[in-house]
**Q** 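I have a structure I would like to understand better, so I am pasting it below and will then ask my questions one at a time.
Numbering of residues begins at 1 and proceeds along the displayed sequence.
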Amino acid sequence: EIDEIELKKLKQSAQNISEKYRDKSSNKMSTRLIASREDAVAYAVSRMPATYGAVCFALKHSLEMMPNAEITSLLDVGAGTGTATWAVNELLKIESNICVENEEYMLNLGQKLMKNEIDNVQWIKKNIITLTLAILLLVLSVVSLFIGAIDINIKNFFMDSQAMEVFVISRLPRLLAILCTGIGISVAGLIMQQLCMNKFVSPTTGATISSAQFGILLALILAPDATIWGRAIFAFVSAIFGTWIFVWFIQRIQYKDIVMVPLVGIMFGNVIGGVTNFLAYKYEVTQALSTWLVGHFSMVLKGRYEIVYLTVPLVILAFIFANHFNIVGMGKDFSKNLGVPYNFVLFAGLTIAAMITASIIVVVGSISYIGLIVPNVVAMFKGDKIRGTLVDTALFGALFVLVCDIIGRVVIMPYELPIELIVGILGSLIFVALLIYRLKHGRKIVSIKLFNEQKEVNNEQEKKYI
């Protein structure tokens, strides 16, 4: 590899890598650390030996403090060229090595370096962000199943009939509802932001939630004996028409600032909310309606939440038409030039977002901010392409709702706070931060450095060891 690259190019690549590591200015925050084959080789030549020595030094001292440790497998996330894997295999007898790396140039070079040198190595090209979110979501999902007013002993779980009953009737349905809520509302927000070409549009600021609540009110007044599916139909129709009217309205007004669009949506939602409250007082259904005004999972039980499963096929449908949503998000003229039916895709996407939102509100109630902040946070790191961010948006949305639910259950245990309260507090703070960031930086992507910033090794003992 080294022989195939000119020495001058190798030196230049090594210098560029060092500058990227040290540079903290905003103008280089989004540049890739390893952008070419030459960069990967330069990293291996200039950085790999020192990193290898540092890892060996730290691991050696760690093992001295844990003399009885039996380590037989290794998961190296953000493996790069496999530096840490080399170091671990030097000091330990590892039976299974898994190296996860998203940068193709680093992965290819790492595979070549380890070929015929280290046995039982499996290289996986995965996005680190997606993998991290998935692992965190899995861990917290398991933890969530054992948090509640009734203690469930893991050791005697299968022997305790009461614990099994609580698990099947309450804990598992609650977890599934939480995951569907986080995934659904986040994806709905992502779709609306892309179609409306505005990062501040969401089911909250686009009057979708208010419209769904108005539909539930109509169901309580016109069909008081309706089942949850009957109320869902009213919520679907109302949410769809409310969202359509909002988008139709913003397409016909002139605005100079992107913040005007969500402000219009908030005002429109407040008008619908005012009408909803007036009718609720008039027909004396305020107390019944209050169940859907504040989101919570305390009433989620087996047989009363299954409607949220509608979010699964709707999210899949959104993924299938993701490219069409991207094109429509670029404007009407651009869509027509590519042969994409602008109005059809626009209102089909809005219908999907509205149905997702309504199906969740019917079961859980109103939960604000999720569809606004989650897509924005993910887009700050991964860009605006729906197909590339939809999975991460869904995972982060589910993780965010799950964390808020756990906080609500733990703070005043054995009682619990409504998730709307926790999401409202955290969401409002994040929303203000996003507002400031978007107004200052626009749609600029923030890069995540998968490697800690390399510093000069000043410790004489480490220098000698290396």
**Q** Any side-chain donor-acceptor pair under 3.5 Å between R174 and S144?
**A** no
**Q** Within the side chain of Q122, is there an N or O that forms a donor-acceptor pair under 3.5 Å with the backbone of I98?
**A** no
**Q** Starting at CD1 of I352, measure out to CE of M192 and round the result to the nearest 0.5 Å.
**A** 12.5 Å
**Q** Looking only at side chains, do T243 and T208 share a donor and an acceptor under 3.5 Å apart?
**A** yes
**Q** Quick one: does S359's side chain have a donor or acceptor within less than 3.5 Å of a partner on I356's backbone?
**A** yes
**Q** Looking at side-chain heavy atoms only, is the closest gap between F347 and L195 below 4.5 Å?
**A** no
**Q** Quick one: does any side-chain atom of Q193 pair with a main-chain N or O of G371 as donor and acceptor, under 3.5 Å?
**A** yes
**Q** So S141 and L179, do their side chains get closer than 4.5 Å, heavy atoms only?
**A** yes
**Q** Any donor-acceptor pair under 3.5 Å linking the side chain of N120 with the backbone of E95?
**A** yes
**Q** Okay, side chain of N337, backbone of D333: is any donor-acceptor separation there less than 3.5 Å?
**A** yes
**Q** Is it true that S366 and E420 share a donor-acceptor pair across their side chains at a distance under 3.5 Å?
**A** no
**Q** Does one side chain, of D392 or T130, offer a donor that lies under 3.5 Å from an acceptor on the other?
**A** yes
**Q** Below 4.5 Å, heavy atoms only, C-beta onward: do E90 and Y52 meet side chain to side chain?
**A** yes
**Q** Considering non-hydrogen atoms only, spot the tightest contact between C404 and I419 and give its length.
**A** CB-CG1, 4.0 Å
**Q** Stepwise, does the side chain to side chain contact (heavy atoms under 4.5 Å, CB included) test hold for F396 with S186?
**A** CA-CA 8 Å; F396 183 59; S186 300; over 6 Å; no
**Q** Counting only heavy atoms not in E64, do more than 12 sit closer than 6.0 Å to its CD atom?
**A** yes
**Q** Considering only heavy atoms from C-beta outward, does the side chain of W86 approach that of T81 to under 4.5 Å?
**A** no
**Q** Quick one: CE on M48 to OG1 on T83, what's the gap to the nearest 0.5 Å?
**A** 4.0 Å
**Q** Is there a donor-acceptor contact under 3.5 Å from the side chain of T204 to the main chain of Y369?
**A** yes
**Q** Would you mind reporting whether R409 and F297 have side-chain heavy atoms less than 4.5 Å apart?
**A** no
**Q** Under 4.5 Å between any side-chain heavy atoms of M330 and S335, yes or no?
**A** no
**Q** Going from CG on L402 to CG on L137, what distance comes out if it is rounded to the nearest 0.5 angstrom?
**A** 6.5 Å
**Q** Given side chain to side chain contact (heavy atoms under 4.5 Å, CB included), test K336 with K332 step by step and report yes or no.
**A** CA-CA 6 Å; K336 287 184 176 180; K332 191 171 185 178; 3.7 Å; yes
**Q** Can you check side chain to side chain contact (heavy atoms under 4.5 Å, CB included) on I183 and T311, steps first, answer last?
**A** CA-CA 8 Å; I183 292 171; T311 59; 5.9 Å; no
**Q** To the closest 0.5 Å, what do you measure between SG (C180) and CD1 (I307)?
**A** 11.5 Å
**Q** Side chain to side chain contact (heavy atoms under 4.5 Å, CB included) for V201 and N198? Distances and angles first, verdict last.
**A** CA-CA 6 Å; V201 175; N198 191 295; 3.7 Å; yes
**Q** Determine whether a donor-acceptor pair (N or O, by modelled atom type, separation under 3.5 Å) exists between the side chain of R171 and the backbone of L145.
**A** yes
**Q** Are T181 and I367 close enough that some pair of their side-chain heavy atoms sits under 4.5 Å apart?
**A** yes
**Q** Can you list everything that forms a side chain to side chain donor-acceptor pair (under 3.5 Å) with T85? Sequence neighbours excluded, please.
**A** D76
**Q** Quick one, S96 and L74 - any side-chain contact, counting heavy atoms below 4.5 Å?
**A** no
